[in-house]
Amino acid sequence: MTLSAGLLLLFLFFLLLLIGVPIAISIAGASILTMLILFPFDVAVFTSAQKLVSGLDSFSLLAIPFFILSGIIMNNGGIAIRLINLAKIIAGRMPGSLAHTNVVGNALFGSISGSAVAAAAAIGGVMSPLQEKEGYDRTYSTAVNVASAPTGLLIPPSGLLIVYSLVSGGTSVAALFIAGYLPGILWAIATMIVAYVIAKKKNYPVSEKISLSEKWKVFLDAIPSLLLIVIVIGGIIAGIFTATEGSAIAVVYSLILSIFYRSLKLKDIPKILIETVEMTAIIMLLVAASSILSIVMSFTGIPEAITSGILGLTDNPILILLLMNIILLFIGTFMDITPAVLIFTPIFLPVVNTLGMDPVHFGIMMSMNLCIGSITPPVGSALFVGASVGRVKIEQVTKPLLPFYGAIIVVLLAVTYIPQITMVLPNLLDL
């Protein structure tokens, strides 16, 4: 009966997805129907309702709406152009300088906003016209923007890593935040290397030289924006406040900064709050639905069965991790990042625990896999937004993206098989 219920759970879930039911409803619907087979009607309904509520009863989850609100305020607060100006200085005078500026801008803005889609839209919206004016091929500039958009999901603060912390049983948020720095930076560097090779081959122009006084002025202008990362991450690491308290501080700081820049109007606030509520509601519904799913999976023994199945195929850690990467890359092509983390963390975490892999290392590896999914067809959200901003069709930008995919997967494999890349900073800070 337990095995049958487990198979029914998977069948119902994918069936509901295929017929176009929203993923949160698919998770909850499949879970509740399976519960009705495992338990009497009254027990199934009561347990489902209880898990819906208790799944959201977490202090850590409060950080998500605050970070979302902070990111939206930043998006509307004139931050992007200041970070782009700073990115021009960091990128230097290499062939295809504007493309490198796009990459650095996405990394900086994405880390502040916590959204690949916001980075692709905000930075790409400014950089794409500039690159087109300088003679860059539109598909090339779009590919650079799309390929670098998810870097900010790994570079903290990141709501994605908070969700993983919750579903993995309380993995340290501070350790996850710090662990994401090097993988995120390596992703950006890999993208810049590919962009450089292509720009050199196509003889794209180099940006004009910027005087030292202008560089200093741009740097000073960007400091207030960058201080958000320093204050929030520094406070969390130093133990001055928790990630949740840090997220509230991020809201206050971003609001003050937007008022200081005089780029946020009073009439914009209701729209910002509504957008925050909508995005938060989507994530919270997913978390609540996954709470029912978790109890069903524990009764049906699906995680244990998958763990036994994978370990039964091979006991070679290299092959096991490679298999997990392939599965997660495939999942990421058709499923959004948050639900994928909620569903597959309880499934794969027992496997990596058996291998002796640190949960922090696995969290970054898993997040990176799913971030790649956000820029791949058929349903990559950052891919669609980036293509829209760049005014190209998805099929036009897919081919130029291939070398970027290759470079990013090399970084993924390095992060997977070289734990020091992820763990050196958390270990150094004793997190």
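Heads up: numbering here begins at 1 and tracks the sequence. Just so it is clear, the model here is predicted, and its values are computed rather than measured.
- T338 is linked by a side chain to side chain contact (heavy atoms under 4.5 Å, CB included) to V163, I283, L286, L342, counting only residues two or more places apart in sequence or in another chain.
- Take P403 and apply the side chain to side chain contact (heavy atoms under 4.5 Å, CB included) test, not counting sequence neighbours, and it matches V194, I198.
- Inter-residue side-chain proximity for T333 and L329 is flagged as unmet; no heavy-atom pair is nearer than 4.5 Å.
- In this structure, the separation between OG1 on T142 and CD on Q396 is 9.0 Å, given to the nearest 0.5 Å.
- A donor-acceptor pair under 3.5 Å is absent between the side-chain atoms of T47 and the main chain of A44, judged by distance alone.
- Side-chain contact check for V173 versus T244: every heavy-atom pair is 4.5 Å or farther apart.
- Within the 4.5 Å cutoff, the side chain of I272 has heavy atoms near those of the L69 side chain.
- The closest donor-acceptor contact from the side chain of W187 to the backbone of L412 lies at 3.5 Å or more, if one exists at all.
- Contacts classified as salt bridge (charged side-chain N to carboxylate O under 4.0 Å, His left out) and involving residues 136-148 (residues at least two apart or in different chains) are given here: E132-R138.
- Partners of F11 under the ring-ring contact (aromatic ring centres under 6.0 Å, His included) rule, at least two apart in sequence or in another chain, do not exist in this structure.
- The structure places CG of L176 at 5.5 Å from CG of L161, a figure rounded to the nearest 0.5 Å.
- For A107, the side chain to side chain contact (heavy atoms under 4.5 Å, CB included) partners are T151, I155, not counting sequence neighbours.
- For the pair S374 (side chain) and L370 (backbone), a donor-acceptor distance under 3.5 Å is absent.
- At a threshold of 4.5 Å between non-hydrogen side-chain atoms, the residues F404 and V144 count as touching.
- N325 places a side-chain heavy atom less than 4.5 Å from the side chain of M365.
- Distance alone, capped at 3.5 Å, is enough to place a donor-acceptor pair between the Y405 side chain and the I375 backbone.
- N145 and S128 are not linked by any side-chain donor-acceptor pair at a separation below 3.5 angstrom, with hydrogens and angles left out of the test.
- Partners of A248 under the side chain to side chain contact (heavy atoms under 4.5 Å, CB included) rule, at least two apart in sequence or in another chain, are F66.
- A donor-acceptor distance shorter than 3.5 angstrom exists from the side chain of S165 to the backbone of T171, with no hydrogens or angles considered.
- Residue S70 is tested with S247, S254, P65 for a side chain to side chain contact (heavy atoms under 4.5 Å, CB included); the sole match is S254.
- Under the 3.5 Å distance criterion, the side-chain polar atoms of S26 are matched with a main-chain donor or acceptor of V21.
- One finds the CG atom of L322 at 10.0 Å from the CG atom of N316 (value rounded to the nearest 0.5 Å).
- For the pair V411/M368, a side-chain contact is recorded, criterion being any heavy-atom separation below 4.5 Å from C-beta on.
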field: side chain to side chain contact (heavy atoms under 4.5 Å, CB included) between I327 and F348, worked out
entry: CA-CA 10 Å; I327 294 172; F348 286 139; 3.8 Å; yes
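- One N or O on the side chain of Y140 and one on the backbone of A195 form a donor-acceptor pair closer than 3.5 Å.
- Counting heavy atoms from C-beta on, the side chains of N102 and L98 never come closer than 4.5 Å.
- For the pair I337 and C371, the minimum side-chain heavy-atom distance is below 4.5 Å.
- Formation of a donor-acceptor pair under 3.5 Å by the H361 side chain with backbone atoms of V415 is found in this model.
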